[in-house]
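Input: a single structure, listed below in structure tokens.
Numbers restart at 1 for each chain; the letters A, B, ... are given by sequence-line order, proteins then strands.
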Amino acid sequence: MSQNQSANHLYLVDGSGYIFRAYHQLPPLTNQHGQPVGAVYGYTTMLWKLATELGNADGPTHLAVVLDKGSHTFRNDMYDLYKANRPPAPEDLVPQFPMIRDATRAFSLPCIEEDGFEADDIIATYTKAAVAQGWKVTIVSSDKDLMQLIQPGVDMYDTMKNERRGADYVMGKFGVRPEQLGDVLALMGDSVDNVPGVPGIGPKTAAKLITEYGSLEAALDAAPSMKKSKMQENLIAHADMARLSRKLVTLHDGMDLPEPLDHLTLKGIPPEPLQAFLSHHGFKSLLARLGAPAAAVAVAAAAAAISENTLPPAPRAEEDPPIDRSLYETVVTQDALDRWIAAARAEGVVAVDTETDMLDCVSCALVGVSLATGPSRACYIPVGHQGQDMFAERPEQLPRDLVLARLKPLLEDDSVLKVGQNLKYDITVLRRHGIEIAPYDDTIVMSFDLDAGQSLAGHGMDEAAKVHLGHTCISFKDVAGTGKKQISFAEVPLDKATEYSAEDADVTLRLWKLFKTRIANEGATRIYELVDRPLVAVIAKMEHEGIKVDREALSRLSAEFTAGIAALEAEIHALAGQPFAIGSTQQLGAILFDKLGYKGGRKGKSGAYSTDVTILEQLKAQGAEIAGKVLDWRQLSKLKSTYTDALQAQINKDSIRVHTSYSLSGAQTGRLSSTDPNLQNIPIRTEVGRQIRHAFVAEPGNLILAADYSQIELRLAAHMADVPALKQAFANGEDIHAATAQQLFGEVNRDTRARAKTINFAILYGISRWGLASRLEITADEAQDMIVRYYERFPGISIYINETIEKARERGYTETLFGRKTWFPRIRAPIQHERQGAERAAINAPIQGTSADIIKRAMARIGPALAAEGLDQVKMLLQVHDELVFELPETDVERASPIIRRVMETAAEPLVKLSVPLGVEIGTGPSWGAAH
DNA sequence: ACCCTCACG
DNA sequence: GACGTACGTGAGGGTA
């Protein structure tokens, strides 16, 4: 290989692939002629970037832009469904295709397209030709099919991510070498291009098979002797599809070169045509870089400045001087530490924030603590920072245990208030080091109790700082980066860590001052002090406790579901007469309504077919067997992906338990919400789903105890709307839906009770005759009659509804019995359906919110009530809105049950005296499922 | 990133 | 006669 040849480097730009990606990732810009040019702009900047690499060591010496031409290729002759799922290009993208050619010409670059071949094949052909000449090749694309071409001397370049990709990348993403990728892609299939693949085989299984057997053919040959499984059956049954898929994903590299290689030489880019193109479309920033006249540069700069300053400056808290990060101190000596502790004692209030090496506070390690004692008077005490790489020296800092020993008396001192933002995190971290923070305030909870529902007020710190202090915080991303390059806080240099962490404490203290005054002035003291604040430590404890989940049981279920799913899939494909992605509502809609011709029209603004349960059930009733199968498939897929599989992954390595995270500011009404994982939506309504609940188990010798409020929202509605008939029924311990049926229909049977139940819930949610009509499958007029009759029999209800809406409109918010406010900015919206939506939510909020207040009070009281009886082995693990779940020694059940029941049933008192009794049902068993 | 669907109360 | 089908959530998969 001669020097001369090896210096050549051909860049092949996948123009068609790029434009689709640019279209979706960039905002829909238009030029001054009103033409959509978002994708063109993205494409132009990409070419620009490549042009600037001209002359770099690894830059292009030769370059061609490759485009798709026409839609019919030899692959369609092989498989008529190839790319059959592709929707037509979006309307505002179509006119941009010719502009792409204009842009390419403006850069004076060769553009290659060929009938009957896709861009991928042209790229493969040129790659082969260039490699044969000993050239280097870079394919500018992020298309996974093209990754098959990666080899020594050939790499790929993703300009959007600014990433060069070689064989390592393919290995990391697909688990195989590039030359094996075609086999993997064939097994996986591709729903976008409609490459069928083998059902039930995804990237993981495909990679496993190819790694194990070496090739697709070898895997197919070996299939009959593999361990019997659904996968193995599929592999045998769909071997032909796999072979067809293999051909479809194979890149065709044998075409004649439309242009010889040496015609692709880059000779430099003449500025005139480029300048004409850029100014035609008004791409000012690029024009400026091209060296356009100074005036144009000024215009571009001015335009940028305006767009960045459209938000009015937020008001700042009066009095307090603005945030000055230069005043923050990094504490590395004992004297300095003692000085800060003394300052905190002198103030009587201190903001505290802990920094850790990861977010999971069950396993994380403490990295540092920040304190704030006044405006811009804040410090950061590092205790666990490392150097930035393994060879760097660990920065000088005080020993962790010394710092904690010094801080402990302060953090536990009754006369010093500790303030934190989302304190449950810090409480957990410090508890693991033997520190029980008390007393405390939490600014996230304060913000929520003041402004729940206010669309402008986010309760997270960065947003709150912006809204209330007019200050932009340093974001975590700024100090630690994001994605793959994200570093742990322990690796952040001390000066940056101090700026970030001390600012958090500084901001927290400023917010606290503001909120403290507002809580007193705006009547939020009761809800904050008596309901939400005490809960923070209780929630911290529950999260830390976690719940044991039987991994083997889940994995057995998962395997059962997988088998069921595969069987259903085969049946569905047979009924459809073709394979398709059942999970795709689009494809499913096309099969059901276009191909099979079932009735059940379009819905929604997107114009797409709706295929939800109600529709599928209608089809099933019409006799569409496929609809029932799809419903079953959906149920199993949901259970598998959301529960059996995801839950196993959530088991903590250290505790071997699952730790959810509760948000105290998640739900507008005051309810908690649960994330990572959500343990408030574990299945129970169907028998199949309920098996998942059985995997939530107690430790040996212990039991799970579940305590549910019975019909708490209906009871509260009866009390709040003052409905004598309902209150009487609850007082008598009657079946409330049966009692309603008696009142409405004059007789109680299964049908009338079910209807009464529907109506009872409809009332809680803000009834509309259309909604009720569709639920009960009656006409809107009949539904209207039923509502009228309900109002007649239960007269308080309509008064309650009208008064609630009226008050909400007047004051902007609703209130629970405990004074929790929920704001409804949209209740005065001029658009009717927005306003009506807000009205329905406003009807429900006081009821749902009061129920939330009551269970929160119960949660705060249960721990002390049990401890008073010496029952400190009883652990509260979960809250599911009207249910509390405990784990306790079998021997404690007898004594704990009545205490739990009493605390829950009397949780409203003495603050609120209810005119209906609250009922609690308790069950126990070895698992959560068995406790119901 | 957004929609759809579906799990719970 | 139109609203876009009830209140409150979070997660996963598909698609643009």
Side-chain angles (χ1 to χ4, degrees), chain A residues 20-25 27 85-87 89-90 93 191-192 202 453 581-589 603-606 608-616 630-631 634-635 637-643 645-647 650 660-663 666-686 688-690 692-693 708-709 711-713 717 758-775 780 783 787 822 831-849 851-852 855 878-883:
Chain A
F20 275 97
R21 202 153 157 239
Y23 174 78
H24 291 300
Q25 289 195 4
N85 291 329
R86 278 273 171 98
L93 177 55
S191 59
V192 178
I582 304 169
S584 159
T585 49
Q586 229 173 56
Q587 292 181 35
L588 178 62
K603 265 173 65 174
K605 4 181 190 231
S606 49
Y609 290 119
S610 169
T611 63
D612 67 12
V613 248
T614 53
I615 301 282
L616 291 181
V630 170
L631 282 171
R634 282 213 181 133
Q635 186 190 23
S637 304
K638 173 84 176 179
L639 293 176
K640 178 170 149 60
S641 65
T642 310
Y643 300 104
D645 290 355
L647 222 40
Q650 290 279 357
T660 184
S661 171
Y662 288 104
S663 168
Q668 313 287 322
T669 52
R671 274 191 178 176
L672 302 180
S673 73
S674 159
T675 58
D676 307 306
N678 182 355
L679 295 185
Q680 290 181 320
N681 69 349
I682 302 301
I684 190 167
R685 291 174 187 172
T686 65
V688 203
R690 200 174 306 177
I692 291 161
R693 247 174 221 239
D708 285 63
Y709 281 110
Q711 310 285 11
I712 186 169
E713 292 196 8
T758 301
I759 299 171
N760 276 330
F761 281 108
I763 294 295
L764 297 180
Y765 299 149
I767 196 165
S768 85
R769 70 183 122 137
W770 300 279
L772 185 63
S774 76
R775 298 270 155 151
I787 293 166
T822 303
I831 298 170
Q832 185 176 218
H833 67 96
E834 275 191 12
R835 189 172 62 247
Q836 288 175 337
E839 286 174 358
R840 289 194 298 270
I843 293 167
N844 181 247
I847 300 168
Q848 190 181 110
S851 160
I855 196 167
L878 302 177
Q879 189 252 39
V880 193
H881 311 307
D882 64 356
E883 171 185 13

Item to complete: Using atom types as modelled and distance alone, determine if a side-chain donor or acceptor of Thr660(A) lies under 3.5 Å from a backbone N or O of Asp676(A).
Response: no

Item to complete: Under 4.0 Å between any heavy atoms, over every strand shown, what does Ser674(A) touch: base, sugar-phosphate, or nothing? Just pick one.
Response: sugar-phosphate

Worksheet item: Does Gln668(A) place a side-chain N or O at less than 4.0 Å from the phosphate oxygens OP1/OP2 of dT9(C)?
Response: yes

Fill in: Tyr765(A), nearest nucleotide to its side chain (from dC7(C), dG10(C), dA7(B))
dC7(C)

Worksheet item: How long is the line joining CG of Asp612(A) and P of dC3(B), in whole Å?
Response: 16 Å

Item to complete: Side chain of His833(A) only, please: which of dG8(C), dA6(C), dG4(C) is the nearest?
Response: dG4(C)

Discussion item. Checking Leu647(A) against Leu679(A) for the side chain to side chain contact (heavy atoms under 4.5 Å, CB included) test, could you report, in this order, the C-alpha distance in whole Å, the side-chain angles of both residues, the deciding distance, and whether it holds?
Written reply: CA-CA 10 Å; Leu647(A) 222 40; Leu679(A) 295 185; 4.1 Å; yes

Item to complete: Rounded to the nearest 0.5 Å, what's the gap from CD on Gln635(A) to NZ on Lys638(A)? Could you check?
Response: 11.5 Å

Worksheet item: Do the side-chain N or O atoms of Arg671(A) get closer than 4.0 angstrom to the phosphate oxygens (OP1, OP2) of dG9(B)?
Response: no

Worksheet item: With centres under 5.5 Å and planes under 30°, do Trp770(A) and dT5(C) count as stacked?
Response: no

Practice prompt. Calculate the interatomic distance between Glu834(A) atom CD and dC7(C) atom P; express it in whole Å.
Written response: 13 Å

Worksheet item: At under 4.0 Å between heavy atoms, what does Ile682(A) touch on the DNA or RNA strands: base, sugar-phosphate, or nothing?
Response: sugar-phosphate

Worksheet item: Taking OH from Tyr609(A) and C1' from dC3(B), how many angstroms apart are they, rounded to a whole number?
Response: 18 Å

Worksheet item: With a 4.0 Å cut-off on heavy atoms, is Thr585(A) in touch with a base, just the backbone sugar-phosphate, or nothing at all?
Response: sugar-phosphate

Worksheet, complete the sentence: Whole-Å distance, Ile582(A) CD1 to dG12(C) C1', equals 16 Å

Fill in: Closest-nucleotide ordering on DNA chain C, the 5'-leading residue of Asn681(A) and Tyr23(A)
Asn681(A)

Worksheet entry | Between dT5(B) (C1') and Gln586(A) (CD): distance, integer Å | 14 Å

Worksheet entry | Sugar-phosphate, base or nothing in reach of Ser661(A), heavy atoms under 4.0 Å | nothing

Worksheet item: Which nucleotide in the list dA11(C), dG9(B), dA2(C) gets nearest to the side chain of Val880(A)?
Response: dG9(B)

Worksheet item: Base, sugar-phosphate alone, or nothing: which one does Ala841(A) contact when heavy atoms must sit under 4.0 Å apart?
Response: sugar-phosphate

Worksheet item: Do any N or O atoms from the side chain of Asp708(A) and from the backbone of Glu883(A) form a donor-acceptor pair under 3.5 angstrom?
Response: no

Worksheet item: Under 4.0 Å between a side-chain N/O of Arg775(A) and OP1 or OP2 of dA6(C), yes or no?
Response: yes

Discussion item. Looking at every heavy atom in both Asn681(A) and Tyr643(A), which two are closest together, and how far apart are they?
Written reply: O-OH, 2.6 Å

Worksheet item: Under a 3.5 Å cut-off for both distances, is dC3(B) Watson-Crick or wobble paired, and to whom?
Response: dG13(C)

Practice prompt. In whole angstrom, give me the gap between the P atoms of dG1(C) and dT5(C).
Written response: 22 Å

Practice prompt. Describe the nucleic acid contact of Thr611(A) in one word from base, sugar-phosphate, nothing, applying a heavy-atom distance below 4.0 Å.
Written response: sugar-phosphate

Worksheet, complete the sentence: Closest heavy-atom pair, Val880(A) versus Gln680(A), reported as atoms and distance to 0.1 Å, is CG1-O, 3.7 Å

Worksheet item: How would you label the contact of Gln836(A) with the nucleic acid (heavy atoms, under 4.0 Å): base, sugar-phosphate, or nothing?
Response: base

Item to complete: Could you tell me whether Ile847(A) contacts a base, only the sugar-phosphate backbone, or nothing, with contacts defined as non-hydrogen atoms closer than 4.0 Å?
Response: nothing

Worksheet item: For DNA chain C, whose closest nucleotide is more 5', that of His881(A) or that of Ser774(A)?
Response: Ser774(A)

Discussion item. Is Ser673(A) close enough to dG10(C) that one of its side-chain N or O atoms is under 4.0 Å from OP1 or OP2 there?
Written reply: yes

Item to complete: Output the distance between atom CD1 (Ile759(A)) and atom CD1 (Ile787(A)), rounded to the nearest 0.5 Å.
Response: 8.0 Å

Worksheet item: When all nucleic acid strands are considered with a 4.0 Å heavy-atom cut-off, which category describes Ala845(A): base, sugar-phosphate, or nothing?
Response: nothing

Fill in: Under 4.0 angstrom between Ser584(A) side-chain N/O and dT15(C) OP1 or OP2
yes

Worksheet item: What's the CZ-P distance between Arg690(A) and dC6(B), to the nearest Å?
Response: 20 Å

Discussion item. Looking at dA6(C), I'd like to know if its phosphate oxygens (OP1 or OP2) sit under 4.0 Å from a side-chain N or O belonging to Arg840(A).
Written reply: no

Item to complete: Please report the shortest heavy-atom distance between Arg634(A) and Leu616(A), naming the atom on each side.
Response: NH1-CD1, 3.4 Å

Worksheet item: Expressed as a whole number of Å, how far does the P atom of dG4(C) sit from that of dC3(B)?
Response: 15 Å

Worksheet item: Using the P atom in both, what is the distance from dA6(C) to dT5(B), to the nearest Å?
Response: 13 Å

Discussion item. Using whole Å, what does the distance between atom P of nucleotide dC8(B) and atom OH of Tyr709(A) come to?
Written reply: 23 Å

Discussion item. If the cut-off is 4.0 Å, is Arg685(A) near the phosphate of dG9(B), judged by side-chain N/O to OP1 or OP2?
Written reply: yes

Worksheet item: How close or far is atom C1' of dC6(B) from atom CD of Gln680(A), stated in whole angstroms?
Response: 16 Å

Worksheet entry | Minimum-distance nucleotide to Gln587(A) side chain [options: dG8(C), dT15(C), dA2(C)] | dT15(C)

